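This one's a predicted model, so the numbers in the text were calculated from it and none came from an experiment. Naming convention: chains lettered A, B, ... in sequence-line order (proteins, then strands); numbering from 1 in each chain. What's counted below: heavy atoms across the whole structure, side chains too, no hydrogens, waters or symmetry copies.
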Amino acid sequence: MGKSYKVEKSYEEINAKIKTGEVVVVTAEEMIGIVDEKGPVEAARQVDVVTTGTFAPMCSSGAFLNIGQSTPTVRTTATWFNNVPAYSGVAAVDCYLGATAVCDDDPLNKVYPGEFRYGGGHVIEDLVAGKTVYIRADSYGTACYPNLHIEKEMTLESLPSATLCNPRNGYQNYNCAVNPSDKTIYTYMGTLKPKMGNANYCSAGELSPLMNDPLYKTIGFGTRIFLGGAQGYVAGPGTQHRPGGARGENGVPLSPAGTLWTMGDLKKMSPEWLRGVSMRGYGCSLSVGLGIPIPILNEEMAQFTAVRDEEIFTQIVDYSDDYPKGVSRSLGQVSYKELKSGSITVDGETIQTVPLSSMVKARAVAETLKGWIQRGEFLLGVPQELLPVE
Amino acid sequence: MQSKILILKFPKEASPEPVVCYLARDYELTFAILHANIFPRREGMMVLELKGTRENFKKGLEYLKSKGIKVSRSDQEVTRDEGRCTHCGACTAVCPTGALSIKRPSMEVLFDLEKCSACELCVPTCPSHAMKANPKDKNFF
């Protein structure tokens, strides 16, 4: 605090420019060249907002759904959407449908590796695609809520309320997973071939939201974001938000660190940005499109948003033995430039790299958000409290 | 000489004979196993690239059928639903022929049907179910 900058802008000034259409918005990829050419001070003078984006499976996602009352009334204690169970220990007809909940009767991993074809993430995608879902719920019956069982068909439109509420999204950096064992393993990081046949990673690198504001100087409770194709909010630090680990000189963490709790109105979202996914041998999940606008309040933010793949590093982790045993060990450090090149070298061996995070969709998120801001459809949300840094 | 990629389906009751070994020994067919899922006393499947003279090829097929194995051609059986593909890249971990690859620097996932051996490994691996196996001509033989 108290640091003085050559360029100083406020959220209010930037929002005023968005309203008049004078705002200058670029994506995090475009910002690299601008800072390179003009330097951070001049870049901060010219650019007001840098948009970021990511699209990848984010398991810790789900939706609070209210299914509306029935006659006679019901206080649901167990609810299923297309046979996928939702947590119903909330009031009356509220429930939380988690992205990783698997449809009842799924064979799971009984015939290994299981396919996990339908789960909570798929229900959420079906809902935003406008499809009808079949709902059933049970109760034990009370004087005020006598109904013991209800069944009905509903669409997202007919649900009284539906809120996407994701306790852990937008992981700031993530492990690069390998399998040194002698048989194929199926993990949440995808299929890992034996003897380090491939190295899987999952981050948009230089375009990823928290890589562009590594010390959370502009992101916190109330930051308005792109979430699932609509405007949503950061509702605080996500679960497992661990900002305290090792960081590079540029402030970017060298292993998984910050996370975001996000929420938004599911009714406004779209299946293009919320996609139910199945990880073979592991389970169901939801791929989420997430983008955060970073206000260029000063030259420091301009410098942060100019981060490049070659300046962002992560650790190579053994998912066959170390990870399941809870052993924290790195087999090496690699940059996202190396990971995105298609191969990395570990112990003299060249290993094919495999992304799980879509750069094509991440770029589309950043471009969409840029368009919204340029057209004055999206104003910056002033964070009420920044994410904790320690 | 002819070379074809075949899908062999072993019913539960199929003979436990080492058929691939006999194909090579008795019919002089060279083989490459592209994918195999064989369980004792359960249904199994194998994707086999088989090469040999036309006559031996035919005899080898007759031998397979005599053992109760269902043989179909694999050509052009895997397709991609472009609307569902998110270009994440997960499929490139398992594709053995490079039919699925990443274009750099855009990081777009390309699908080259010409290179596809129809091993179908991408089908259960694709997180968003974009890859589909569509048998086009089940009764080719």
Counting heavy atoms not belonging to [X], are there more than 12 under 6.0 Å from its [atom1]?
X        : atom1 : result
A:Glu310 : CD    : yes
B:Lys132 : NZ    : yes
B:Glu55  : CD    : no

key: Selection from B:Gly89, B:Ala90, B:Pro124, B:Cys126 maximising heavy-atom pairs under 4.5 Å formed with chain A   =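 It is B:Pro124.
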Quick check for you: among [options], which has the greatest number of heavy-atom pairs under 4.5 Å with chain B?
options                                : value
A:His122, A:Lys340, A:Met279           : A:Lys340
A:Val360, A:Thr353, A:Thr184, A:Thr191 : A:Val360
A:Gly276, A:Gly342, A:Ser357           : A:Gly342

So which part of [X] gets closer than 4.5 Å to some heavy atom of chain B, the side chain, the backbone, both or neither?
X        : result
A:Ser285 : neither
A:Tyr282 : neither
A:Tyr186 : neither
A:Glu272 : neither
A:Arg117 : both

ask   = Checking B:Cys91 against chain A: side chain, backbone, both or neither under 4.5 Å from a heavy atom?
value =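 Contact with chain A involves no heavy atom of B:Cys91 at all.
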ask   = Does any heavy atom of chain A fall under 4.5 Å from the side chain of B:His129, the backbone, both, or neither of them?
value =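 Side chain only.
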query = What is the minimum heavy-atom distance between A:Leu356 and B:Cys88, and which atoms define it?
reply =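 A:Leu356 and B:Cys88 have their closest heavy atoms at O-CB, 3.4 Å.
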ask   = Any idea which heavy atoms bring A:Arg275 and B:Ser128 closest together, and the distance?
value =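 For A:Arg275 versus B:Ser128, the nearest heavy atoms are CG-CB, 3.8 Å.
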B:Leu121 CG to A:Arg280 CZ distance, which is reported to the nearest 0.5 Å =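 If we round to the nearest 0.5 Å, B:Leu121:CG and A:Arg280:CZ are 7.0 Å apart.
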query = By number, which residues in residues 102-111 of chain B have some heavy atom less than 4.5 Å away from chain A?
reply =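 So far as heavy atoms go, B:Ile102, B:Arg104, B:Pro105, B:Ser106, B:Met107, B:Glu108 are the residues that approach chain A to under 4.5 Å.
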query = Within the side chain of A:Lys193, is there an N or O that forms a donor-acceptor pair under 3.5 Å with the backbone of B:Ala93?
reply =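 Yes; at least one donor-acceptor contact below 3.5 Å.
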